[in-house]
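Data first, discussion second: the structure below is written as structure tokens.
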Amino acid sequence: QVQLVESGGGLVQPGGSLRLSCAASGITFSLYKMGWYRQAPGKQRELVAQINSGGTTNYTDSVKGRFAISRDNAKKIVYLQMDSLEADDTAVYYCNARRFSRGWGPDHWGQGTQVTVSS
């Protein structure tokens, strides 16, 4: 049974920081490309950051220089360090896991964690 559990969301002031965590189980974690997506009300879910098994990262332009994705394969956790948070970062953040094996396998999703940036 695949399970992704996000944590670390909450209310933070503009300019503040949060670190999100996603704990995975039921997968061979090191084989999966991990990602963070977010969805604000009335908007489509968008990719925030990805990290592959080799540590290569990819970020959407709006978070470059402010967010950092990392992974701990031993703990089977992927992190999203978010600094210099802005109101536009407010969204539900979802953890994603996907593996390429004879084509891309199915997306696995967590339930999401709310991040609210407000004064």
Side-chain angles (χ1 to χ4, degrees):
Q1 182 177 339
V2 178
Q3 189 171 29
L4 303 174
V5 180
E6 301 97 334
S7 62
L11 175 64
V12 65
Q13 292 184 326
S17 297
L18 286 173
R19 189 177 74 159
L20 306 183
S21 299
C22 171
S25 61
I27 62 171
T28 305
F29 183 81
S30 63
L31 300 179
Y32 280 74
K33 189 173 193 175
M34 304 299 299
W36 288 96
Y37 291 71
R38 67 187 180 187
Q39 187 167 28
K43 295 185 177 181
Q44 294 186 94
R45 186 173 297 189
E46 67 169 346
L47 173 69
V48 178
Q50 293 176 314
I51 183 168
N52 68 13
S53 60
T56 301
T57 59
N58 179 54
Y59 301 91
T60 191
D61 286 344
S62 64
V63 309
K64 287 180 179 177
R66 300 189 298 118
F67 292 10
I69 189 171
S70 61
R71 66 193 295 159
D72 185 330
N73 286 345
K75 294 182 178 180
K76 300 177 73 172
I77 297 175
V78 61
Y79 302 96
L80 185 67
Q81 178 67 44
M82 305 186 295
D83 298 324
S84 301
L85 283 161
E86 304 168 356
D88 286 348
D89 296 319
T90 296
V92 178
Y93 284 70
Y94 296 92
C95 183
N96 172 268
R98 198 178 188 192
R99 181 168 71 109
F100 187 86
S101 179
R102 304 179 186 182
W104 286 103
D107 283 295
H108 301 287
W109 297 95
Q111 291 298 116
T113 185
Q114 177 71 48
V115 171
T116 302
V117 184
S118 177
S119 59

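Along the sequence shown, the residues carry numbers beginning at 1. Values in this document were obtained by computation on a predicted structure and should not be read as measured data.
The shortest non-hydrogen separation linking W36 to L20 is CH2-CB, 3.7 Å. In terms of heavy-atom proximity, G110 sits nearest to Y94 at O-CD2, 3.5 Å. Smallest separation of non-hydrogen atoms from R66 and L85: NH1-CA, 3.9 Å. Between A24 and I27, the shortest heavy-atom distance links the atoms CB-CD1, 4.1 Å. Looking at every heavy atom in both residues, L4 comes nearest to C22 through CB-SG, 3.9 Å. Among all heavy-atom pairs drawn from A91 and Q114, the shortest one is O-NE2, 3.5 Å.
Among the candidates I77, L80, V78, the single residue satisfying the side-chain contact (heavy atoms from CB on, under 4.5 Å) test with S21 is I77.
The line from CG of L18 to CG of L11 is 9.0 Å long, rounded to the nearest 0.5 Å. Put simply, OG on S25 and NZ on K76 are 6.5 Å apart, with the number rounded to the nearest 0.5 Å. Distance check, rounded to the nearest 0.5 Å: OG1 of T60 to CG of L47 gives 6.5 Å. How far NZ of K33 is from CZ of R98: 9.5 Å, rounded to the nearest 0.5 Å. The distance from atom OH of Y79 to atom SG of C95, rounded to the nearest 0.5 Å, is 12.0 Å. Atom OG of S53 and atom CE of M34 lie 11.5 Å apart (nearest 0.5 Å).
Distance alone, capped at 3.5 Å, is enough to place a donor-acceptor pair between the Y59 side chain and the I69 backbone. Not a single donor-acceptor pair under 3.5 Å links the side chain of T90 to the backbone N or O of T116.
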- Task: Would you sort out whether Q50 and N52 count as a side-chain hydrogen bond (donor to acceptor under 3.5 Å, both in side chains), showing the intermediate values?
- Result: CA-CA 7 Å; Q50 293 176 314; N52 68 13; over 6 Å; no
- Using the side-chain contact (heavy atoms from CB on, under 4.5 Å) rule, take S118 and Q13 through it: C-alpha gap first, then chi angles, then the decisive distance, then the call. CA-CA 5 Å; S118 177; Q13 292 184 326; over 6 Å; no
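Cluster annotation: V92 is not connected to V48 through the hydrophobic network of ILVMFWY side chains, with a link wherever side-chain heavy atoms come within less than 4.5 Å. Under the 4.5 Å side-chain heavy-atom criterion for grouping Ile, Leu, Val, Met, Phe, Trp and Tyr, V63 is connected to I51 within one hydrophobic cluster.
Cation-pi contact between R45 and W109: present, with separation from the ring centre below 6.0 Å and deviation from the ring axis of at most 45°.
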Report, one line per pair, each donor and acceptor closer than 3.5 Å where one atom sits in a side chain of residues 37-44; sequence neighbours left out.
{"unit_1": "R38", "atom_1": "NE", "unit_2": "E46", "atom_2": "OE2", "d": "2.7"}
{"unit_1": "R38", "atom_1": "NH1", "unit_2": "D89", "atom_2": "OD1", "d": "2.9"}
{"unit_1": "R38", "atom_1": "NH1", "unit_2": "Y93", "atom_2": "OH", "d": "2.9"}
{"unit_1": "R38", "atom_1": "NH2", "unit_2": "E46", "atom_2": "OE2", "d": "3.2"}
{"unit_1": "R38", "atom_1": "NH2", "unit_2": "S62", "atom_2": "OG", "d": "3.4"}
{"unit_1": "Q39", "atom_1": "NE2", "unit_2": "K43", "atom_2": "O", "d": "3.2"}

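Residues forming a side chain to side chain contact (heavy atoms under 4.5 Å, CB included) with T28 (at least two apart in sequence, or on another chain): S30, L31.
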